[in-house]
Number of protein chains: 2
Amino acid sequence: MTASASKSTISALFAQYRPPAVPAVAMTGFWASRIQAVREKTIPILRERCDKAGMFDQIDPARPIPAMRLPFHRSSVTSQMYWDSDVAKMLEAAAYALSGKPDAALEKMVDEIVDMFARLQQPDGYLSSWYTRMQPGKRWTNLRDCHELYCAGHLIEAAVAYFHATGKRKFMDVMARYADHIGREFGPKEGQRRGYCGHEEIELALVKLARATGEARYMELSRYFVDERGREPHYFTQEALTRGENPAEYFHSTYEYNQSHKPVREQDKVVGHAVRAMYLYSAMADLATEYGDASLKTTLEKLWNDLVTKSMYVTGGIGPSAHNEGFTVDYDLPNESAYAETCAAIGLAFWANRMLGLGPDTRYADVMERAIYNGILSGMSQDGSLFFYENPLESRGKHNRWVWHRCPCCPPNIARLVTSIGTYAYGIAADGVAIHLYDQGEATLDVAGAPLRLRQTTRYPWDGAIRIDVDPGTSRALNIALRIPGWCRKATLRVNGEAVDLKSVTRDGYAHLHRTWKPGDAIELSLDMPVERVFANPAIRQDAGRVALMRGPLLYCLEGADNKRPLNNYVLPANAAIDAKFEDGLLGGVVTLSGTALADDPEGWGQDLYRQAPVARKPSPIKAVPYYAWDNRDKGEMLVWLREG
Amino acid sequence: MTASASKSTISALFAQYRPPAVPAVAMTGFWASRIQAVREKTIPILRERCDKAGMFDQIDPARPIPAMRLPFHRSSVTSQMYWDSDVAKMLEAAAYALSGKPDAALEKMVDEIVDMFARLQQPDGYLSSWYTRMQPGKRWTNLRDCHELYCAGHLIEAAVAYFHATGKRKFMDVMARYADHIGREFGPKEGQRRGYCGHEEIELALVKLARATGEARYMELSRYFVDERGREPHYFTQEALTRGENPAEYFHSTYEYNQSHKPVREQDKVVGHAVRAMYLYSAMADLATEYGDASLKTTLEKLWNDLVTKSMYVTGGIGPSAHNEGFTVDYDLPNESAYAETCAAIGLAFWANRMLGLGPDTRYADVMERAIYNGILSGMSQDGSLFFYENPLESRGKHNRWVWHRCPCCPPNIARLVTSIGTYAYGIAADGVAIHLYDQGEATLDVAGAPLRLRQTTRYPWDGAIRIDVDPGTSRALNIALRIPGWCRKATLRVNGEAVDLKSVTRDGYAHLHRTWKPGDAIELSLDMPVERVFANPAIRQDAGRVALMRGPLLYCLEGADNKRPLNNYVLPANAAIDAKFEDGLLGGVVTLSGTALADDPEGWGQDLYRQAPVARKPSPIKAVPYYAWDNRDKGEMLVWLREG
């Protein structure tokens, strides 16, 4: 881990908490089998699908330019202007996989694709397969709709990941040249374009590039894109006029769709396409951290409160509507028709993680954990081969994971999230670290100029007991901030066997242990993890009179496979006992919840569709499994929000 | 009424119950204001919209042939191959309006349009504006998709209605010539096409034409269309091949969509497009009545039981899915996303009414009444100027009646239903009559060769007391069958003041009064009409744990206008008293229901979206109005199925 540790060094421009690079953290408990599934199943699938979709035919200048295949809704094989980004996300996931475990064949695959992009790069640094090979001469003519800078962003993220994983600079250098080209092209100066991308992504990618290279100009370019967004005269309006189009005929009707309806600091409501919104806010949070920008921080807090108090599913899923792949009105959270795109929940984890850059606060970590363990992890089958785009909270059995999708954004997105999970678990500050997520494993973090090794021993999330062995190298003063999750009503903490008074050290849900740490020190954290009934705000009409079950960070659901009756026939009494039990052989090993509910009894009802007397109820056993694990067995019903009473 | 009465004479081919012609019945109570709204508002609107949509430009041979306007989804002004049918339904409604009240200007309007169609008719009798003027040379090339015989059917219905209303034969003669042309073109004989329409309608129209003209050949042609449907080799498959198309590329994927997936007598499940299904079954019921066809009767009973025990909303609405405008799977009855097209509920009333041709049975009349007073009447605003296409059972306030629709089938359909309501109220047999619906008013029915006058005095549906004054002309033996609705748990009956033992005279929910009736006889029927709680079959997951309120035939709903809290915050205790009160000034005069429910109390909940304790509840008044009257005030929430417990 020493070699990796040096890669976790990130150039500090301004103070605050920053994530470690992926190679610095190994998650070998709960996450090990998921990372293995992505490495062994998902990545080869992604590589193959990129190939089958013809992405490399479009990208590789050594191949003939392919014929344009128009995107009909019924066809899954089309030319797409955003193919570069899908390949990039696959590369990024591969890089993270390499961080965890060397694999010469995988590295060779990445190198070959990097070579394609290097060959594709134009003498001026420009790099886009679409505008170089499919629509030459049209570059920078439609930032609103065409994902041009978005593709650049994903390639930058992949390049940074590959640099951290292998130390090879070629890909990052290619992308830095492209970023420099973009920096010349866009900006507030005379002769520059005052544009920004219709699909945010480049902003957060430039922050990563700045941190990896130590070059402040990439941070500045990110700040330009964020600051310029939504200003008048509106760039997308001007650009449409230049194309000879009527700006009012914008397909998505409103610039709220891409969060450019007003300057970002004037925004106080989460609107539009959910993934776009999350990627923008992620970059804003990074910039607030890096520049100590109080106005961005204030804006982000307003947006955060709007989202988590009005528009977030209990899964951490967001964006209820398929229509705009995004937000509708406050408290509109339909369960069966939930869009809740996997990518949007991933975007929420990105944002939450970056809010932690501004200092440990479990409000953000709680949401990050909620999204990761529920609304994100549900997006992939247990073996890593099948995927959800939508993540509903109720299904009559017809919603099942698919092999591939016309718009294949979710599979590589979840693959890169899972393989980089370690980076979400810690934050590194000048004077110490914050631990956001718990899992068996080891981290070697560069803190205050020297490695700090932290070894977690735990069965989390199945059990709330966590031991952390601390090795600061030599005795030295550091702050270790431990998250006490918001879902936990009772926690105890010991350092080297001595009880710590949690109340006196806890701020914003983190226990701050300022002390001189020495090799051999041990922290023991115990988080009470009973089964909890969860209720929704009465303004969410779809959840009225219903209850969900959680244990620790995990949301539970009922599936047809474990329960005899149609799931909406069950009513969970307020006083029904619910037992938790680890079942080794089930769904890769999960804690299940069991109890006795009441069930509407169809016997004796007869054929009537409607009648003047209610149905009788009988006691009936129920069993719940973690929501993330649903649809891994025979197709059948699924329900999160049970009737209560 | 004597002139009209003679028009109610219908040629008997086979025995059983047949509907009176519209002019024979005047409904002057509950229905008077609705009929007036259609006459004064809806019909002028329909006439104007037909004009604005360019329908007459397409139909009238005296005008230049208009340019083809392709049907884009976003445009409401397009050329449509089914325009003839929309004009026909408008004419039919106008004819019924004339039946109730002479109107020279309206009659002139109809005559002018009849003249257009007469001019449009080809020398061989063929009559279609689309295939004569827009796509000449293509007639009978695509029965599957192009509504060609469907348009003929609606024109025939309009022609029969106009004949009954005015005694004028011109329109009916035009349509009889077209029917004769169709009869030469289609049939089982050598040289005839063995086809039938993709959208059923011609079948039931030909029954009407046969009854009005006394010509058995139209009944025979109807029987041919019904019997031929779904036979192999499949006509639509052959026809697609002839057009050079791949039959497997049928847009709707399955012939279930138009109920031609198998011969009609082998069908036992209601499938596909709901309106198409209802129109087919209506014709089948007519034919079962006319031919005493036991195999059709058996088929219809299976189909009926399937529909009313598995796929009907409590409103009488049917067809939950917008996707196929029809049926999905058993017990799938979503409330907020309900399609439940107004036309489909109208089709159900048509079918139910025709099932009564096989003899009085309140199972059919109950469903007919349920659809008419709830899922149909909801389709039109109180003043007759605004319309629903979909009739959901829950709305967050964004579902509101519109002025017009790209596919304008519902407004004229509800207009003709309302103005012909009298024909659904009675059935005439060889030896007497059945009374299916109650409303203040008068009917003069030709029974056993002489007029039987029935005068109803009642405030139904607000009150269950009904007095019927009987005038058979001279003393004579007749059976009068009175419906005792299925929703009524307690009824009493008196004839000339003497109590009748209901049990001994009631069969299939009708009290049969066989006796010698004389002028001055009076029947007094009293139907108990308390507020009833209605519960759904536990297999309907969307209604689990919920209750609806009904009183008599009327379903109730809560609206935002009458209730302070979000409607899903209310929980109706099983023992809560509910009071009924007539409010003269509200919604044209309605009985409202009031009581005290519990309501989730958002005070004290705070900002949390989710938490570990349920919301507190407080007693809170609720008020319900008839479902049919919703969305006639300020836009707001609506809910039929209340939480119960």
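What you see below is based on every heavy atom in this structure, not just the backbone, and it leaves out hydrogens, waters and symmetry mates. Proteins get letters first, then strands, A, B, ... in listed order; numbering begins at 1 in each.
Electrostatic pairing of D600(B) and K618(B) does not count as a salt bridge here, judged by no charged N lying under 4.0 Å from a carboxylate O. A salt bridge links E394(A) to R541(B): at least one charged side-chain nitrogen sits closer than 4.0 Å to a carboxylate oxygen.
Proximity to chain B (any heavy atom under 4.5 Å) is restricted, for S311(A), to the backbone atoms N, CA, C and O. Residue L639(A): no heavy atom, backbone or side chain, is found under 4.5 Å from chain B. Looking at E644(A), neither its backbone nor its side chain comes within 4.5 Å of chain B, counting heavy atoms on both sides. With a threshold of 4.5 angstrom between heavy atoms, M550(A) does not approach chain B through any atom at all. Interface remark: A613(A) contributes backbone atoms only to the contact with chain B (heavy atom separation under 4.5 Å). Looking at D608(A), only its backbone comes within 4.5 Å of chain B, counting heavy atoms on both sides. If you measure heavy-atom distances from L549(A) to chain B, you find no contacts under 4.5 Å at all. V534(A) touches chain B through backbone and side chain together, each having a heavy atom under 4.5 Å away. At a 4.5 Å heavy-atom cutoff, the contact between E532(A) and chain B is made by side-chain atoms alone. At a 4.5 Å heavy-atom cutoff, the contact between D332(B) and chain A is made by side-chain atoms alone. V329(A) touches chain B through its side chain: at least one heavy atom from C-beta onward sits under 4.5 Å away, while N, CA, C and O do not. Neither the backbone nor the side chain of P566(A) comes within less than 4.5 Å of any heavy atom in chain B.
Looking only at side-chain heavy atoms (C-beta outward), W630(B) and P392(B) come within less than 4.5 Å of each other. In this structure, the side chains of R370(B) and V314(B) come closer than 4.5 Å at one or more pairs of heavy atoms. Side-chain atoms of D361(A) and M355(A), non-hydrogen and from C-beta on, never get closer than 4.5 Å to each other. Under the 4.5 Å side-chain criterion, counting only non-hydrogen atoms from C-beta, M529(A) is not in contact with R489(A). The side-chain heavy atoms of L555(B) and P626(B), taken from C-beta on, include no pair separated by under 4.5 Å.
Rounding to the nearest 0.5 Å gives a distance of 11.0 Å between OH of Y610(B) and OG1 of T309(A). Remark: Y339(A) OH to T328(A) OG1 distance equals 14.0 Å, nearest 0.5 Å.
Per-residue counts of heavy-atom pairs under 4.5 Å with chain B were compared for P614(A), G545(A), A536(A), P602(A); the largest is that of P614(A). Options D601(A), D543(A), I540(A) differ in how many heavy-atom pairs under 4.5 Å they form with chain B, and the most are formed by I540(A). In terms of heavy-atom pairs under 4.5 Å with chain A, the best-connected choice from K310(B), E637(B), M312(B), R396(B) is R396(B). Most heavy-atom pairs under 4.5 Å with chain A, from the set N568(B), V615(B), V571(B): that is N568(B).
Checked against a 6.0 Å centroid threshold, the rings of Y364(A) and W351(A) do not count as neighbours.
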